[in-house]
Amino acid sequence: MVKFKSLKAVFSIAATFIGTVVGAGFASGQEIYQFFTVYGVLGFPGLILATVILGWASNKVFQIGLRLSTPSYREILLYLLGPRFLPAADFFFLLFLLLLTAVMFAGSGMVFKELNLEYGLGIGLTLVILVGVLYRGLPGLVKVNELVIPLMFTVCLIVTGYAIITRCPVGQQPETHGNWILGALQFSAYNLILAVPVLLALARDYPDRALLQMGSWLGSLALGGLAFLIHAAIIVHHQQLLNRALPMVVLAKMMNHWFYWGYALILWGEMLTTLLANVYGLGQRLAVWSGWPLRRWVWLIGIAGIIVARLGFVKLIAGFYPIYGFLSLVLLLLLIVKE
């Protein structure tokens, strides 16, 4: 019984970590394209490097979280940067999470639009689910991830497997340019910073060093493996996926109508898991600062995210992800050197 509870805890930790990272950009293939596919076949070693960095760094955040036992990400910023740079870092972190919230709302609208449904309907339903789940706090967030992550892996494995087997005839392939190591570092740093608030919350709820370590590596290896397959699928169908906002949904559509709808809904579910993590982390920080309850901040952050989402899904990913990847590198480097 004890062993079963331990395995379930490891799965819950890994699933919640994966759900935080796999959002609109990752599951749609757009983020994988921006950070790896632009480097062609060199994206593969980049993904291996990113997987190792994420596993090591997420485990270190867990261990710091155990020591700090903090309710918000502000304390880990103070720990890494000191009081001098804390105000600026806190502001940029808040802005980052708000922009990512907007990306998830914009992505949800894009999924519904892709299915010939109303863009506004996708955003409205997403807001309702966001408020309903976070009414329960972290337990609600964990439960959603335990449900969505296995479904996502199953459908994504089928779609990427089909795409790789039925590769298109030789055509225009992505040109290799830039530094693939820098791309891997940006991807790792960005996703680590995205996950920090939830990692700290998990360290409080699962205060067992060994379980957290296993959960961090299980989640990272699963993420790396899935990203590897998505990258391979996009490369072999690159000509058909040029300038497409949701490349993985396009690949699912090549299979049949049901997989098209199924992947689109799974993609929406993954956007929800990342949105929940973003709003939970941001809401916790603002609740500590203001004294207002988390539930009130969930509403306010959700409405603000919808307003910013008007910039558009692809524009937000292409414009903000690389920028914040560079900014996040600073925190990743500090995490590496900090004892």
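Here the structure is a predicted model, which means the values were calculated and not measured. Keep in mind that the numbers below use all heavy atoms, side chains included, and drop hydrogens, waters and symmetry copies.
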Cys156/Ile266 under side chain to side chain contact (heavy atoms under 4.5 Å, CB included): CA gap, chis, key distance, verdict: CA-CA 9 Å; Cys156 196; Ile266 289 296; over 6 Å; no
In sequence, state the C-alpha distance, the side-chain angles, and the governing distance for Ile149 and Phe11, and then conclude on side chain to side chain contact (heavy atoms under 4.5 Å, CB included). CA-CA 10 Å; Ile149 295 304; Phe11 171 75; 5.6 Å; no
Please assess Val308 against Phe105 for the test side chain to side chain contact (heavy atoms under 4.5 Å, CB included), listing each intermediate value before the final yes or no. CA-CA 9 Å; Val308 178; Phe105 273 116; over 6 Å; no
Determine whether Leu97 and Tyr73 satisfy the following criterion, side chain to side chain contact (heavy atoms under 4.5 Å, CB included), listing intermediate values before the conclusion. CA-CA 11 Å; Leu97 290 177; Tyr73 60 77; 3.8 Å; yes
For Phe96 and Tyr190, what are the C-alpha separation, side-chain angles and deciding distance, and is it a ring-ring contact (aromatic ring centres under 6.0 Å, His included)? CA-CA 10 Å; Phe96 182 40; Tyr190 152 72; 5.7 Å; yes
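Val10 and Leu221 fall into different hydrophobic clusters, where Ile, Leu, Val, Met, Phe, Trp and Tyr side chains are chained together by heavy-atom contacts under 4.5 Å. The hydrophobic clustering, which links ILVMFWY residues whose side-chain heavy atoms are closer than 4.5 Å, places Ile32 and Leu42 together. The hydrophobic cluster containing Leu229 does not contain Leu49, counting ILVMFWY residues as joined when their side-chain heavy atoms lie under 4.5 angstrom apart, directly or transitively. Hydrophobic clustering keeps Trp258 apart from Met255 (ILVMFWY residues linked when any side-chain heavy atoms are closer than 4.5 Å, directly or through intermediates). When the side chains of ILVMFWY residues are joined at heavy-atom separations under 4.5 Å, either directly or via intervening members, Val144 and Val155 end up in a single hydrophobic cluster.
Distance CG/Leu275 to OG1/Thr20: 11.5 Å, rounded to 0.5 Å. To the nearest 0.5 Å, atoms CD (Glu270) and OG (Ser108) are separated by 11.5 Å. Annotation: the span from Phe93 atom CZ to Ile76 atom CD1 amounts to 8.0 Å, rounded to 0.5 Å. One distance of note links CG of Leu212 with CG of Leu66; it measures 5.5 Å at 0.5 Å rounding. A distance of 11.5 Å separates CG of Asp90 from CG of Leu95, quoted to the nearest 0.5 Å. For the atom pair Leu199 CG and Arg204 CZ, the distance stands at 11.5 Å (nearest 0.5 Å).
At least one side-chain heavy atom of Leu141 sits under 4.5 Å from a side-chain heavy atom of Asn145. For the pair Phe26/Ile230, a side-chain contact is recorded, criterion being any heavy-atom separation below 4.5 Å from C-beta on. The side-chain heavy atoms of Tyr206 and Phe62, taken from C-beta on, include no pair separated by under 4.5 Å. In this structure the side chain of Leu251 never reaches within 4.5 angstrom of the side chain of Tyr263, judged on heavy atoms. Taking 4.5 Å as the limit, some side-chain heavy atom of Leu80 sits within range of a side-chain heavy atom of Leu335. Within the 4.5 Å cutoff, no side-chain heavy atoms of Val249 are placed close to those of Lys253. Residues Val250 and Tyr260 are not in side-chain contact: their nearest non-hydrogen atoms beyond the backbone lie 4.5 Å or more apart. Side-chain contact between Phe17 and Leu223: present, with at least one pair of heavy atoms (C-beta onward) separated by less than 4.5 Å.
Between the side chain of Ser216 and the backbone N or O of Gln213, at least one donor-acceptor pair lies under 3.5 Å. A donor-acceptor contact shorter than 3.5 Å is absent between the side chain of His231 and the backbone of Tyr33. No donor-acceptor distance shorter than 3.5 angstrom exists from the side chain of Thr274 to the backbone of Met271, with no hydrogens or angles considered. Counting only distance, with no hydrogens or angles, the side chain of Asn191 and the backbone of Phe187 share a donor-acceptor pair below 3.5 Å.
Within 6.0 Å of atom CZ in Phe92, 12 or fewer heavy atoms from other residues, nucleotides or ligands are found, so the atom counts as exposed in its surroundings.
Taking both residues in full, the closest heavy atoms of Pro83 and Leu78 are given as N-CD1, 3.6 Å, listed atom of the first, atom of the second, then distance. Closest non-hydrogen pair, Pro247 versus Gly29, comes out as CG-C, 3.8 Å. Looking at every heavy atom in both residues, Ala222 comes nearest to Ile18 through CB-CD1, 3.8 Å. Taking all atoms of both residues into account, the shortest heavy-atom contact from Ala50 to Ala184 is CB-O, 4.0 Å. Contact record, Ala163 with Val236: O-CG2, 3.8 Å, taken as the closest heavy-atom pair. Across Leu54 and Ser188, no two heavy atoms sit closer than the pair CD2-O, 3.6 Å.
Between Glu118 and Lys113 there is no salt bridge, since none of the side-chain N atoms of the basic residue sits less than 4.0 Å from a carboxylate O of the acidic one.
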Tell me which donor-acceptor pairs under 3.5 Å the side chains of residues 297-306 have, and how far apart each pair is, sequence neighbours excluded?
residue: Trp297; atom: NE1; partner: Leu286; partner atom: O; Å: 3.4
residue: Trp297; atom: NE1; partner: Ser290; partner atom: OG; Å: 2.8

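A side-chain donor-acceptor contact under 3.5 Å links Ser12 and Glu146.
Relative to the six-membered ring of Tyr135, Arg295 meets both conditions, a distance below 6.0 Å and an angle of at most 45° to the axis.
Under the 30°/60° scheme for interplanar angles, the aromatic rings of Trp268 and Phe112 are found to stand perpendicular.
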